[in-house]
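First up is the structure itself, then whatever we jot down about it.
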Amino acid sequence: MASFDDSKKPVAFDKSMVNNVKKNQSVVSLDAEQTQAIRNLDGPMLILASAGTGKTRTLMAKVAALLDNSVPTNEIMLVTFTNKASNEMKFRLIAMGYDIHGMWIGTFHNICNRILRENYSKISGLNSRYTIIMPDDCRKLIKLIIKGMEPEDTELKPDDAFEIISFARNAMQYDPAHKFLDNIEYSITDVIEQKFPKHQKYIKLIQKIHRKYHIMKLGNNVIDFDDMLVYALYIISTDEAVRQKYERQFEYILVDEYQDTNNVQAALIRRLRKNNTNITAVGDEAQAIYEWRAATPGHIIGFPYAFEETKIVNLTTNYRSTPQIINAAIASINHNIIRVEEKQMNATLDDGELPTVSLHRNIYDELEYIANQIYTHIQNGTTPNKIAVLARTLQMSRVGIHHVLGRQLLSYGIQYVVFGGKDLFDTKHIRDFIAFLELIYNPMNMIAWERFLGILPGIGPKSARTTILHLQNEPEKSITEIKLKGAKAKASIELLNNVLTEARTRAQQPDVSMMDFLEPFLELYTLSSLAKDDDFIVRVNELEETIQELNDMPIDEFLHEVQLKGKSKANKANVPDDHVIISTIHQAKGLEWDVVHIAGCNENILPHYRSIMEENVVAEPVEHENKDESEIMISNNPIEEERRLFYVAITRAKKVLKLTMSESTPQGDPLFPSRFLLEIYDVDPGAFKLDSDDF
DNA sequence: GGTCCACGTCTTTTT
DNA sequence: GACGTGGACC
Ligand SMILES: Nc1ncnc2c1ncn2[C@@H]1O[C@H](COP(=O)(O)OP(=O)(O)OP(=O)(O)O)[C@@H](O)[C@H]1O
């Protein structure tokens with residue numbers, strides 16, 4: 001059975017580092033407030049505290065305390081927000097000397113995917129070979145569905161439809177009294193009315209698209225990311241025996257970053273905690289930055305209503321940042337009108353230098369300045385992996401900042417890692433290879449067929465469709481019998497058939513590994529027109545490197561679960577000492593560095609222009625009556641979410657914080673300083689040092 | 001009728 | 001970088 005214990009998997013961490021550590025029960029020292037969290041191990045608890053006050057540390061200590069009290073590992077579920085965070089947790093627990101084998105540590109998606117895998121037969125239409133489709137293919141499917149509909153409907157963009165459908169499914173208030181698909185359709189209506197009013201006229205259409213999309217996924221024996229959550233909730237809500245099994249299995253459930261849970265995730269937790277109330281939630285509503293993805297900080301605010309007699313633990317001492325950095329953070333976040341209370345963060349570190357702001361001509365100059373600063377810091381003895389450059393987006397004014405900055409850093413001889421951006425497993429060449437694996441392991445997946453057939457010479461969209469129709473209608477018939485136009489197409493199909501037959505035989509053998517399929521894949525892939533691209537070799541090398549990393553993992557396991565863990569490199573618990581970090585602010589959540597640069601502190605970048613536009617579109621917050629269902633909305637103002645993002649960025653810094661902004665885009669359009677800077681200047685002109693001759 | 005190829009357009013944040 | 005489009009080519 002697949003296990004979440006990554007100790008046997010290659011991608012999670014380097015186990016050799018912890019072999020010599022002896023079990024030490026008091027590795028984590030806690031202050032008086034933090035100790036409250038482990039004094040009560042049972043019952044509902046909410047740890048609600050600001051940035052850098054030790055929430056993650058306390059959560060870790062609580063898990064350790066449970067283990068010290070002989071709670072079996074398989075009775076603990078620890079939910080983290082990212083795979084990086086779960087790898088970090090595992091790493092630290094093992095480093096403390098604990099055997100965590102059997103513990104369920106993972107993201108909601110990981111955990112739901114596992115519940116689904118153990119109960120997939122409850123979803124009629126799925127068979128055991130079902131695999132995961134990535135967002136790229138989801139969009140393709142939706143595009144196909146829209147194309148197949150009435151021409152008058154074509155104004156709706158597939159990406160918009162997908163965004164709305166995904167949001168609606170994550171925001172669904174699932175009521176088992178109604179049919180599953182009806183629940184989602186209600187949600188689509190609600191979501192469009194409240195959040196996407198521009199698409200009001202498409203409500204019926206999007207519901208129809210969703211229904212088709214749902215049926216097509218099942219027909220192809222695939223699930224998307226949202227299905228993991230939504231199906232797990234469906235199973236737990238409609239099968240009381242299964243629900244009870246999991247409720248009994250998990251004596252303790254702990255959830256980190258609770259402010260960013262969505263309705264489906266919160267409902268799942270509530271249903272798993274009906275009789276057993278051992279639930280610990282940890283978070284900070286001021287760090288809610290995923291409302292755009294249907295997360296609702298109302299769940300953390302409403303937690304004490306959802307769970308009676310919740311013990312609330314407040315942590316008020318900041319152990320991370322200098323008083324100067326904390327001052328800037330508070331001066332910013334207090335501009336959010338909709339918030340629970342004044343932030344409390346009492347500094348413990350000694351005074352440090354004032355955070356700086358500097359103005360540059362454009363983003364290229366900003367990055368040049370940052371690269372130079374980083375070089376100086378390293379010259380002065382700072383370890384590279386204690387330095388990070390954060391940005392709202394990796395793509396600014398059509399400049400890939402990780403590429404530009406990366407080049408500059410390398411010219412100083414500094415290496416770097418990138419957090420954020422497109423998932424490696426969602427890039428074209430890797431998806432092409434995965435599609436090939438799907439033809440072997442999940443041949444019902446016509447999305448994979450469509451993708452792969454299109455790569456072959458002589459085969460375009462039409463021949464691919466024809467082939468797929470034959471596969472669906474006459475699955476027993478060999479693909480070589482299909483009549484296609486052109487000798488090229490025929491030859492391609494002939495070759496594909498031979499390669500696949502051989503590959504399927506290889507797949508039956510017990511010692512098979514992913515690398516065995518690289519050569520057959522390349523035999524076909526090098527024939528495609530892609531092989532003429534300049535970077536084809538680079539792509540193939542990256543593919544080979546990726547396969548090498550994944551090679552120890554059973555292929556079906558990869559297709560079933562692991563590809564959702566994405567970017568194996570960037571998820572490693574530890575960044576090598578000699579690498580600096582380039583990251584989106586979203587990916588920086590929960591992390592900390594001595595030196596933090598924030599690039600692009602401009603209006604339209606941070607806050608992002610889409611949020612500025614949306615601000616005027618979104619409906620008023622809704623107050624629901626049944627508070628025990630935790631539906632209190634505290635904010636859906638996109639600008640406030642951007643401000644929280646800015647706050648998260650600032651509070652990542654321990655000692656040095658440097659912000660940069662530009663006068664204009666490289667194209668010459670003027671840019672203005674971020675309102676988040678100006679408003680701090682209004683209340684506290686001394687919060688930042690202006691570090692530029694140009695002021 | 002269908003595929004190939006060069007060129008122009010647009011690019012938030014993520015499990 | 002990935003996708004759509006229009007015109008050349010098989
Ligand atoms: N009692 C303590 N004594 C010393 N250092 C501590 C203590 N508690 C926390 N720290 C340190 O403070 C820093 C922040 O802790 P942690 O990451 O757990 O905070 P957090 O509340 O999860 O922050 P955020 O919400 O910003 O992610 C870490 O470096 C941690 O080691």
Side-chain angles (χ1 to χ4, degrees), chain A residues 79-86 106-113 132 134-136 138-140 143 147 157-159 163 166-167 169-170 223-229 257 260-262 264-265 289-295 390-401 403 419-423 425-429 431 453-454 456-466 484-489 492 528-530 532-535 538-539 561 563-567 570-571 583-589 600 604-614 638 641-642 644-645 648-649:
Chain A
V79 185
T80 63
F81 193 76
T82 61
N83 289 305
K84 207 202 312 279
S86 64
T107 62
F108 271 110
H109 284 84
N110 279 303
I111 279 160
C112 289
N113 189 41
I132 297 164
M134 303 289 280
D136 193 33
C138 301
R139 272 181 255 274
K140 274 198 177 139
K143 194 177 298 168
K147 266 203 180 130
K157 287 201 215 90
D159 284 3
E163 190 189 345
S166 177
F167 193 102
R169 303 179 86 220
N170 283 293
I223 60 166
D224 66 20
F225 281 6
D226 302 330
D227 285 328
M228 296 174 198
L229 302 183
E257 308 280 11
D260 279 319
T261 50
N262 64 39
V264 172
Q265 294 163 340
I289 53 176
Y290 280 88
E291 281 185 277
W292 56 273
R293 208 180 72 178
L390 308 184
R392 175 64 177 83
T393 63
L394 290 181
Q395 209 70 38
M396 270 184 220
S397 313
R398 286 178 226 149
V399 178
I401 64 156
H403 295 125
F419 297 164
K422 207 166 167 56
D423 194 296
F425 293 152
D426 207 21
T427 52
K428 196 173 170 343
H429 52 301
R431 291 236 48 82
L453 286 166
L456 302 174
I459 300 181
K462 296 288 154 137
S463 307
R465 281 274 93 194
T466 318
L484 294 179
K485 295 194 174 175
K488 252 185 179 174
S492 287
S528 84
S529 55
L530 297 166
K532 294 191 196 96
D533 291 355
D534 294 340
D535 52 0
V538 179
R539 301 299 179 90
E561 111 181 16
Q563 55 172 322
L564 86 97
K565 297 199 173 180
K567 305 183 222 172
N571 281 339
S583 175
T584 61
I585 301 173
H586 283 91
Q587 284 284 338
K589 184 175 184 168
N604 285 328
I605 296 173
L606 179 56
H608 196 270
Y609 79 98
R610 300 261 308 236
S611 336
I612 297 172
M613 302 212 325
E614 274 171 37
E641 175 148 308
E642 295 286 306
R644 290 193 293 269
L645 209 43
V648 167

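Order of the sequence lines fixes the chain letters, A, B, ..., with proteins taken first and strands second; residue numbering starts at 1 for each chain.
In this structure, the CD atom of A:Gln587 is 10 Å from the C1' atom of B:dT15, given to the nearest Å. We find that OH of A:Tyr290 is positioned 8 Å from C1' of B:dT15, with the value rounded to whole Å. For the pair A:Asn170 CG and B:dT13 P, the computed distance is 18 Å after rounding to whole Å. To the nearest angstrom, C1' of B:dT14 lies 12 Å from CG of A:Leu645. Straight-line distance from the NZ atom of A:Lys589 to the C1' atom of B:dT15: 11 Å, rounded to whole Å. Atom P of nucleotide B:dT14 and atom NE2 of A:His109 are separated by 14 Å, given to the nearest angstrom. Atom-to-atom, CZ of A:Arg465 to P of B:dT3 comes out at 12 Å; the value is rounded to the nearest Å. Atom CZ of A:Phe419 and atom P of B:dT15 are 12 Å apart (whole Å).
Evaluation of the salt bridge (charged side-chain N to carboxylate O under 4.0 Å, His left out) rule for A:Lys485 yields no partner, not counting sequence neighbours. A:Asp159 is linked by a salt bridge (charged side-chain N to carboxylate O under 4.0 Å, His left out) to nothing, counting only residues two or more places apart in sequence or in another chain. The salt bridge (charged side-chain N to carboxylate O under 4.0 Å, His left out) check on A:Arg169 picks up A:Asp224, A:Asp227, with sequence neighbours excluded. With sequence neighbours left out, the side-chain hydrogen bond (donor to acceptor under 3.5 Å, both in side chains) criterion links A:Arg139 to no other residue.
Checking A:Thr584 against A:Ser463, the closest nucleotide of DNA chain B that is more toward the 5' end is the one next to A:Ser463.
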TODO: Could you encode protein contacts along nucleotides 4-12 of chain B as a string, one character per nucleotide from 5' to 3', using B for base contact, S for sugar-phosphate-only contact and - for no contact, with a heavy-atom cut-off of under 4.0 Å?
DONE: SS-----BB

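A donor-acceptor distance shorter than 3.5 angstrom exists from the side chain of A:Glu642 to the backbone of A:His608, with no hydrogens or angles considered. With hydrogens and angles ignored, the 3.5 Å screen pairs a side-chain donor or acceptor of A:Asp260 with a backbone N or O of A:Tyr290. Counting only distance, with no hydrogens or angles, the side chain of A:Glu641 and the backbone of A:Glu291 share a donor-acceptor pair below 3.5 Å.
Heavy atoms of A:Pro135 sit under 4.0 angstrom from at least one base atom. When heavy atoms are screened at a 4.0 angstrom cut-off, A:Phe108 is found touching no nucleic acid atom at all. When heavy atoms are screened at a 4.0 angstrom cut-off, A:Thr427 is found touching no nucleic acid atom at all.
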- [ ] Evaluate the criterion side-chain contact (heavy atoms from CB on, under 4.5 Å) for residue pair A:Ile289 and A:Lys589; output intermediate values, then yes/no.
- [x] CA-CA 9 Å; A:Ile289 53 176; A:Lys589 184 175 184 168; 4.2 Å; yes

Would you list the protein and nucleotides 3-9 of chain C atom pairs, both N or O, that sit under 3.5 Å from each other?
from: C:dG4; atom 1: OP1; to: A:Lys143; atom 2: NZ; distance (Å): 2.7

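Side-chain atoms of A:Phe167 and A:Glu163, non-hydrogen and from C-beta on, never get closer than 4.5 Å to each other.
In the set B:dT3, B:dT15, C:dA2, C:dA2 carries the atom at the smallest distance from any side-chain atom of A:Arg539. Across B:dT15, B:dG1, B:dT3, the shortest atom-to-atom separation from the side chain of A:Lys485 is found for B:dG1.
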